[in-house]
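Residues: numbered from 1 along the sequence shown. Values reported hereafter were calculated over all heavy atoms of this structure, with side chains retained and with hydrogens, waters and symmetry mates removed.
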Amino acid sequence: MGNPGDTQMKLATGEGGYVLEDVPHLTDYLPDLPSYPNPLQDNPAYSAVKQYFVNDDDTVTQKIVVHKDSPRGVHFRRAGPRQRVYFESDEVHACIVTCGGLCPGLNTVIREIVCGLYHMYGVKKILGIDGGYRGFYSKNTITLTPKVVNDIHKRGGTVLGTSRGGHDTSKIVDSIQDRGINQVYILGGDGTQRGAAVIFEEIRRRGLKVAVAGIPKTIDNDIPVIDKSFGFDTAVEEAQRAINAAHVESLSIENGIGLVKLMGRYSGFIAMYATLASRDVDCCLIPESPFYLEGSGGLYEYIEKRLKENGHMVIVIAEGAGQDLVSESLQSMDQQDASGNKLLQDVGLWISHRIKSFITLCRIILRKRRCPLILNI
């Protein structure tokens, strides 16, 4: 897609150490754009909530708690409907594209964008791009209306299809320009949003009146400031099923250990919330809290303690936890997937082997003491 570092971040500073990290805007390169009243002001279903329009100077602080004498810190532009908009409903030709891996709720988001544009803003021309970024120039589009998307939230995956990588920024913008699209809604994770930033840069270079809106897709819930990312609740609910199965297995065998690896590249929200909800987990390992295996206070010591006390245990580990330990014992590979995300080592398989090695050593020691120990993992 190009170099994401080319995207210039907008920063504004103020008194008391105030820093505003702003998003790029059409008026940055089209300063004379006319604005129009927001259609919500005349919509009978929404006219009663005019007080909820977001002011241009509304911001959200990155850190909620600050000391009295500390700088005001970093703030972000608050999202939400403005009283003035830069597109008239009749001229809007929107498109929606989903990229990267699947995530619970993708179809719900597609449905809400379509219904929101159609019913709230009076937008009638909405396209779905089939097959991710490369679908802009290699596949057919799907006409989206409230009737078409009425029941899609009941299905899994994405009705628009998806893909990773293999796309051409210039061709994408050519397609946007040729089709007369002026609003692009992009659903995807880190790599997808890096691509969205590069697409916007090309749009800005050409001076096109095209708005690009990135909708972050991550069930890891690892986006600062926002309360919760879509798909997170479903991930936690499904994770509890796996934990329950591991608990049943470990409980059925003397000194059994159930090990469950959950998603969470750089944050352990899924693992932590699933642990709190299930109440059957003895140990939860997440990327935010480093751990070690051997010695006093190490994982091995805790495993031995829990087995003596309880006769079984369940360990939950996020996929990004313990990556420093894995790199020490395995050949470190700096590889990336097609979206540009770093490929992590399989910490679940690694820690399973390490625990088995530890238990084998314990068996040898206990055998010499003539004390039987049965353990399954």
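- Checking side-chain atoms of S70 against main-chain N and O of V66 turns up no donor-acceptor pair under 3.5 Å.
- Atom CD1 of I315 is separated from atom NZ of K261 by 14.5 Å, given to the nearest 0.5 angstrom.
- For G156 against N107, the heavy-atom pair with the smallest separation is O-ND2, 3.4 Å.
- Follow the hydrophobic side-chain contacts under 4.5 Å out from V85 and you never reach L30; the two are in separate clusters.
- With Y36 contributing its side chain and S89 its backbone, the two residues share no donor-acceptor pair below 3.5 Å.
- Note: T59 OG1 to R78 CZ = 10.0 Å, rounded to the nearest 0.5 Å.
- Note: I199 CD1 to Q193 CD = 9.5 Å, rounded to the nearest 0.5 Å.
- R111 contributes no side-chain N or O that, together with a main-chain N or O of D151, makes up a donor-acceptor pair within less than 3.5 Å.
- Looking only at distances, no side-chain donor or acceptor of N244 sits under 3.5 Å from a matching main-chain atom of S278.
- Here the OG1 atom belonging to T141 is positioned 12.0 Å from the CD1 atom belonging to I96, to the nearest 0.5 angstrom.
- Under the 3.5 Å distance criterion, with hydrogens and angles disregarded, no donor-acceptor pair is assigned to the side chains of E294 and Y292.
- Within a 6.0 Å radius of NZ in K171, no more than 12 heavy atoms belonging to other residues, nucleotides or ligands are found.
- Electrostatic pairing of R265 and D190 does not count as a salt bridge here, judged by no charged N lying under 4.0 Å from a carboxylate O.
- A cation-pi arrangement is not found for K147 relative to Y118, the charged atom failing to lie both closer than 6.0 Å to the ring centre and inside a 45° cone about the ring normal.
- The aromatic rings of Y300 and F358 lie parallel to each other, their planes meeting at an angle below 30°, with 60° marking the opposite boundary.
- Using a 4.0 Å cut-off between charged side-chain N and carboxylate O, D58 and R82 make no salt bridge.
- Residue M313 holds its CE atom at 6.0 Å from CD1 of I257, rounded to the nearest 0.5 Å.
- Formation of a donor-acceptor pair under 3.5 Å by the T61 side chain with backbone atoms of I64 is not found in this model.
- When V316, I351, V347 are each tested for a side chain to side chain contact (heavy atoms under 4.5 Å, CB included) with L285, only one passes: I351.
- Using a cut-off of 4.0 Å between Lys/Arg side-chain N and Asp/Glu carboxylate O, R205 and E201 are scored as not salt-bridged.
- Of the possible polar contacts, one joining the S175 side chain to the F136 backbone as a donor-acceptor pair under 3.5 Å is found.
- Residue D57 places its CG atom among more than 12 non-hydrogen atoms of other residues, nucleotides or ligands, all under 6.0 Å distant.
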